[in-house]
Number of protein chains: 2
Amino acid sequence: MARSALARKGSATRDRILNAAILRFARSSYESVGLRDIAADAGVDVAYVHRCFGSKERLFAESLEATMEPAKLFAGPPGDIADFLAKQIFARDGGRGRNTVGPLDIIIRSLSSVEASGVLREFTRDNIIRPLARTIGQKTDTRAAVIASLLAGIGILRNVLRIDPLTEVEGGELETLIAQIINGVLAADCSSG
Amino acid sequence: MARSALARKGSATRDRILNAAILRFARSSYESVGLRDIAADAGVDVAYVHRCFGSKERLFAESLEATMEPAKLFAGPPGDIADFLAKQIFARDGGRGRNTVGPLDIIIRSLSSVEASGVLREFTRDNIIRPLARTIGQKTDTRAAVIASLLAGIGILRNVLRIDPLTEVEGGELETLIAQIINGVLAADCSSG
DNA sequence: GCTGTTGGTCAACAGCGGTTGACATAAATC
DNA sequence: GATTTATGTCAACCGCTGTTGACCAACAGC
């Protein structure tokens, strides 16, 4: 029931708006993305975007969650977690009509945004650091946070600043190096100075 | 000559403006910092800030350069470069009246800013990646870029997002871990897959 | 067919942003 | 002392922002 033609149309436009928001937030920072841009992409009025999601912040949070799909991020076996994470930097999602958005894109674009930092802090802590710490089975979160920092840093220098040696494609020397570093962090001996 | 009372007063206010800009840019992202804020801090009119530095972008670039003092960043001997870099994350400059601004603060706050990325790209490439690559004597810039990414990532998660295990003070477990990682990157064998 | 709800638009608000040009004031030059 | 130069201000422009309330049209339930 309730899947009336009206309701179906409503959720369809909502999806269109969310999709447009994801694409925008994956390419520019929180402040730089305007609700009017998103509305235009989705073919609706600004007011409706606002009415649909309550506020820009909530639309951002939903976009973030939709791209990350947090549950699936750290589903791989702990053994090859390093390779898995190294691949995440290069991973892009071409499906669902939205043209190629990586799982870290949104988080990276707005990482230094003041207005978005509230949403991002919670999300990063709960959906990245903690699951990662659980996966690698460390008693402190420190190593997980350092690994997350490495991924974030590479993501920014690669995708936002477009620093040259980092703009390689998947599978190259860079990916190998990153995996090695992560393994090194996991194996590091912290007790000895 | 030319150090007339008028000229002296002029460059004094210019310094005051630059100082105010540094403090602002070290605490908020490029987009979030308004010229009116800076002007108010320095006790002058907005118009004069603009006339003094030409544009917001140029004021940002000057603030960046003043905080980083690029020449001194990689002056240490190549031997203990890892420890030196690990310390940079925690370093703060309390001198010159400006209350405690770290050398990486400005770059980190605006790292994902679209408008600032032009300035930041050039600066990062010329004043961080290349000198770092020169210091560690690698033929490719890849490792230098990865190390820079690590520093940037930690800086953001620590100072912007304020992720818990990263907010330690200098000299703790974290600093040791970072230095170990950097040493690992420098020693990594890239030829073997 | 009438009513209530839901999808969606329109226009406007109120505030902010960087930027600009005209103007005042004070010092330097001659 | 008059002219020029430089410091600094004032007010406004123009475009953008998220947000709001009034409004229209189409469908659902009775």
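Every chain is numbered from 1, with letters handed out A, B, ... down the list of sequences.
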Study note, to complete from the structure: Parsed dot-bracket for DNA chain D after applying the Watson-Crick and G-U rules with both distances under 3.5 Å and | for other-strand partners is |||||||||||||.||||||||||||||||

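A donor and an acceptor atom, one from each side chain of A:S29 and B:S113, are nowhere located under 3.5 Å apart. For the residue pair A:E31 and B:S32, a side-chain donor N or O sits within less than 3.5 Å of a side-chain acceptor on the partner.
One can place NE2 of B:H50 at 11 Å from P of C:dG21, the figure rounded to the nearest angstrom. If you take CD of A:E115 and C1' of D:dG18, they are 10 Å apart, rounded to a whole angstrom. Following rounding to the nearest Å, A:I17 (CD1) and C:dG7 (C1') show an atom-to-atom distance of 10 Å. Taking atom CZ of residue B:R8 and atom P of nucleotide C:dA27, one finds them 12 Å apart after rounding to whole Å. Going from atom CZ of A:F60 over to atom P of D:dG18 covers 13 Å, rounded to whole Å. Summarising the geometry, the separation between CG on A:D15 and C1' on C:dG7 is reported as 15 Å, rounded to the nearest angstrom. Between the P atom of C:dG18 and the CZ atom of B:R58 lies a distance of 16 Å, rounded to the nearest Å. In this structure, CZ of A:F53 is placed 12 Å from P of C:dG8, rounded to the nearest angstrom.
Using cut-offs of 30° and 60° for the angle between ring planes, the B:Y30 and B:F25 rings count as parallel.
To the nearest 0.5 Å, atoms SG (B:C52) and CD1 (B:I17) are separated by 4.5 Å. To the nearest 0.5 Å, the span separating CD on B:E62 from OG1 on B:T67 amounts to 11.0 Å. Taking CZ of B:R27 as the start and CG of B:D105 as the end, the distance is 7.5 Å to the nearest 0.5 Å. Of the inter-residue distances, the one linking A:I22 atom CD1 with A:L64 atom CG reads 9.5 Å to the nearest 0.5 angstrom.
When all heavy atoms are compared, the tightest approach of B:I108 to A:S112 is O-CB, 3.4 Å. In terms of heavy atoms, B:A39 sits closest to B:V49 at CB-CG2, 3.7 Å. Considering all non-hydrogen atoms of both residues, B:V33 and B:S28 come closest at CG2-CB, 3.8 Å.
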If you restrict it to nitrogen or oxygen atoms, what contacts under 3.5 Å exist between nucleotides 4-8 of chain D and the protein, and what is each distance?
| from | atom 1 | to | atom 2 | distance (Å) |
| --- | --- | --- | --- | --- |
| D:dG8 | OP2 | B:T13 | OG1 | 2.5 |
| D:dG8 | OP2 | B:Y48 | OH | 3.0 |

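For the pair A:R14 and A:F53, the cation-pi criterion (under 6.0 Å, within 45° of the ring axis) is fulfilled.
Near DNA chain D, defined here as any heavy-atom distance below 4.0 Å, the residues from residues 30-38 of chain B are B:R36, listed numerically.
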